[in-house]
Amino acid sequence: MQRRVFLQALAASVASAPLVHAAQSTPESALLKSDGMGLAHLIARGDFTAADILSASIARARSANKRLNFMAHWAEPYGEEALSAVPKNAPLAGVPTLIKDLWVDMPGVPTTNGSRFWQGNVPAKASNLVTRYQAAGLVPFGKTTSPELGLTGTTESVQHGLTRNPWDPAKTAGGSSGGAGVAVAAGVVPIAHASDGGGSIRTPASCCGVFGLKPSRGRVPLGSGKTEGWLGLSTTHVITRSVRDSALMMDLTSGPEIGARYAAPPPKGGSFLAATLRAPSPLKVALMLSPPSGTAVDEACLKAAEETAALCERLGHSVVEAAPTLDAAAINDAMLAVLTIETKLALDARAQQMGRSYSADDVEPVTAWMANLASKQSPTAYARANRVFQKAAIDVGTFMQDFDVVLSPTLAKPPVSLGTLSLSPKDFDAYVEDVTTFGPFTAWANQTGLPSMSVPLHWGAGGLPIGSMFTGRYGEEETLFSLAAQLEKAQPWFHKRPAALA
């Protein structure tokens, strides 16, 4: 049943969007004017070979990377080998992609996790997710930048330097999947792997003007070697230009991996892609204009959320200003406990692998501070954090019995200047203030395990993108995909491109 529904949705989705797979004169124009499904259609139709598209993608990456610095590692030989092994009937056969350089492995390609301390770490085995990507037909040819261990909302590191926003190179691209956001926004690839432990898919999606959905906990595999990250806070998926590419990728990659102790429920309608082909029933939308922490929100971000709410009403949905009640102090303390303990565990494991201890010279100052703070945590801190998150999930779940989705700004500020959120800050106190006030809306979805997406509906002063965030009930990504496709049709963004990269 589910397989049949998926295949029907795949055929219908290709047929429903002729503009993104219309005939193109060159592989370069095809790359810029098509999403992943459109490129796969052009390749299957014989307009271009997959090798043509891969070459165009690599060339565009080389050019754009000189200005934006989003590539952590080049792996063209890996891409060529993957291309030769693409399953002929795979839904995305021959479509180029990039993998984030954070805990996801491509054999023979470095995984440095944005850190000097992981230099020389070259895995021999592919992560489960990479295996699923290649089975879907995707062709990885490199890895995108991440801050050290994914610990901040920008993509800057001593290891890889500053990743720049394609709409304004002086601004952050967001983090920790900023390299992925830039690669998609710059037209290098239509689909890029990303991960999200506190907002790291949605933040760069908002900053770069593209679509990013964080799945429900247990939806998409993390392995190899582990089946959850950061006490379940971390999830993996993709950043894309089109909604349907994101939905298709969830169909192709979701499902439990070996050893998984829990898994999100399968789509009720049989396919996430199928959800993008049907308009949602009228939804009850809670408009949340203040984050749990109560921090101030920039007028531009409020305006974007309010205009999105008005668009929802025009589409037939009901919007009420409301928000779940959360104990901000408790969940923030729990979040800090998990991040500090996980940071120390990661550094200890790497030190053991290298046969030596780590020092402050191996990592960035904030990373070292977090590892040091972990040593001062109570022995019960991790278990206590889990209890706090469980209570938050119950409180939010109770609230969402009356609402289908929660709409809020993705971020509390437009993209900030590079250097503001760096893990090597000039002023540590200023860093703490800046990092907690930039992205206070995103983490509660991670803490409660809910699916959440940033939708690129607004561009503010200076042409900077400002995302609107929708968070749904656990396991109900279909609702989010259906709504996102409706919004995409009502207020298209696919044609928007940074002027310097058009």
Side-chain angles (χ1 to χ4, degrees), residues 36 72-73 75 78-79 81-82 85-87 90-93 95-114 118 121-146 149-150 176-177 179-181 183-184 189-197 200-201 204-205 212-230 232-240 245-264 266 272-273 346 446 449 451 477:
H73 307 291
Y78 185 98
E81 184 176 343
V86 167
L92 292 168
V95 175
T97 194
L98 294 165
I99 306 299
K100 181 180 176 181
D101 183 34
L102 186 67
W103 306 121
V104 174
D105 296 336
M106 299 163 61
V109 180
T111 297
T112 55
N113 303 314
W118 270 262
N121 179 49
V122 181
K125 182 180 178 182
S127 291
N128 294 333
L129 194 59
V130 172
T131 300
R132 293 188 187 189
Y133 280 12
Q134 292 184 225
L138 292 177
V139 181
F141 67 87
K143 303 190 83 171
T144 57
T145 50
S146 166
L149 304 184
S176 62
S177 306
V184 172
V189 293
I191 300 166
H193 162 253
S195 57
D196 190 318
S200 292
I201 288 175
L213 185 145
K214 179 201 87 69
S216 296
R217 186 175 299 190
R219 174 70 70 198
V220 180
L222 290 176
S224 305
K226 60 180 179 179
T227 60
E228 69 174 18
W230 286 4
L233 296 171
S234 183
T235 58
T236 60
H237 191 42
V238 291
I239 288 174
T240 60
D245 275 356
S246 183
L248 175 61
M249 284 299 295
M250 190 164 288
D251 276 327
L252 296 172
T253 61
S254 63
E257 58 191 325
I258 294 174
R261 294 170 293 175
Y262 55 85
F272 298 108
L273 181 61
N446 302 79
E477 284 92 335

Val139 and Tyr133: CA distance, side-chain angles, deciding distance, side chain to side chain contact (heavy atoms under 4.5 Å, CB included) verdict: CA-CA 8 Å; Val139 181; Tyr133 280 12; over 6 Å; no
CA sep, side-chain torsions, deciding dist, call: Leu98, Lys143, side chain to side chain contact (heavy atoms under 4.5 Å, CB included): CA-CA 5 Å; Leu98 294 165; Lys143 303 190 83 171; over 6 Å; no
Full working for side chain to side chain contact (heavy atoms under 4.5 Å, CB included) between Leu102 and Ser195: CA-CA 8 Å; Leu102 186 67; Ser195 57; 4.0 Å; yes
Residue pair Leu149, Trp103: steps toward the side chain to side chain contact (heavy atoms under 4.5 Å, CB included) verdict: CA-CA 8 Å; Leu149 304 184; Trp103 306 121; 3.7 Å; yes
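By the salt bridge (Lys or Arg N to Asp or Glu O under 4.0 Å) test, Arg219 pairs with Glu477, sequence neighbours left out. By the side chain to side chain contact (heavy atoms under 4.5 Å, CB included) test, Pro107 pairs with Tyr78, Ala126, sequence neighbours left out. In this structure, the side chain to side chain donor-acceptor pair (under 3.5 Å) partners of Thr112, at least two apart in sequence or on a different chain, are His73, Asp101, His160. A search for side chain to side chain contact (heavy atoms under 4.5 Å, CB included) contacts involving Pro123 returns Asp105, Thr111, not counting sequence neighbours. Checked against side chain to side chain contact (heavy atoms under 4.5 Å, CB included), Ala90 has the following partners two or more places apart in sequence or in another chain: Pro87, Ala93. Scanning for side chain to side chain donor-acceptor pair (under 3.5 Å) contacts around Thr145 gives Thr163, with sequence neighbours left out. The side chain to side chain contact (heavy atoms under 4.5 Å, CB included) test applied to Ala194 returns Ser177, Ala180, Ile201, Ile239, not counting sequence neighbours. Annotation: side chain to side chain donor-acceptor pair (under 3.5 Å) contacts of Ser246 (sequence neighbours excluded): His237. For Asn113, there are no side chain to side chain donor-acceptor pair (under 3.5 Å) partners two or more places apart in sequence or in a different chain. With sequence neighbours excluded, no residue forms a ring-ring contact (aromatic ring centres under 6.0 Å, His included) with Trp230.
Using a 4.0 Å cut-off between charged side-chain N and carboxylate O, Arg261 and Glu228 make a salt bridge.
Here the straight-line distance linking atom CG of Leu273 with atom CE of Met250 works out to 12.0 Å at 0.5 Å rounding. Atom OG of Ser234 sits about 9.0 Å away from atom NZ of Lys214, to the nearest 0.5 Å. Rounding to the nearest 0.5 Å places OG1 of Thr240 at 9.5 Å from CE of Met249. Atom CD1 of residue Ile258 and atom OG1 of residue Thr227 lie 11.5 Å apart, to the nearest 0.5 angstrom. A distance of 10.5 Å separates OG of Ser127 from CE of Met106, quoted to the nearest 0.5 Å. In this structure, CG on Leu233 lies 10.0 Å from CG on Asp196, to the nearest 0.5 angstrom.
Looking at Leu138 and Val86, their side chains never come closer than 4.5 Å, going by heavy atoms from C-beta outward. Contact of the Thr97 side chain with the Phe141 side chain is not registered, since no non-hydrogen atoms from C-beta on lie closer than 4.5 Å.
A distance-only check finds a donor-acceptor pair linking the side chain of Thr236 to the backbone of Pro221 [under 3.5 Å]. In this structure, Ser200 contributes its side chain and Ser176 its backbone to a donor-acceptor pair below 3.5 Å.
The two residues Ala192 and Val184 have their closest heavy-atom pair at CB-CG2, 3.7 Å. Arg217 and Gly232 get closest at one heavy-atom pair: NE-O, 2.9 Å. The shortest non-hydrogen separation linking Leu252 to Pro91 is CD2-CG, 3.8 Å. The two residues Val95 and Pro190 come nearest to each other via the heavy atoms CG1-CG, 3.7 Å.
Screening residues 122-140 for salt bridge (charged side-chain N to carboxylate O under 4.0 Å, His left out), with sequence neighbours left out, gives no hits.
Partner of Val104 under the side chain to side chain contact (heavy atoms under 4.5 Å, CB included) criterion, out of Leu222, Asn128, Ile99: Ile99 alone.
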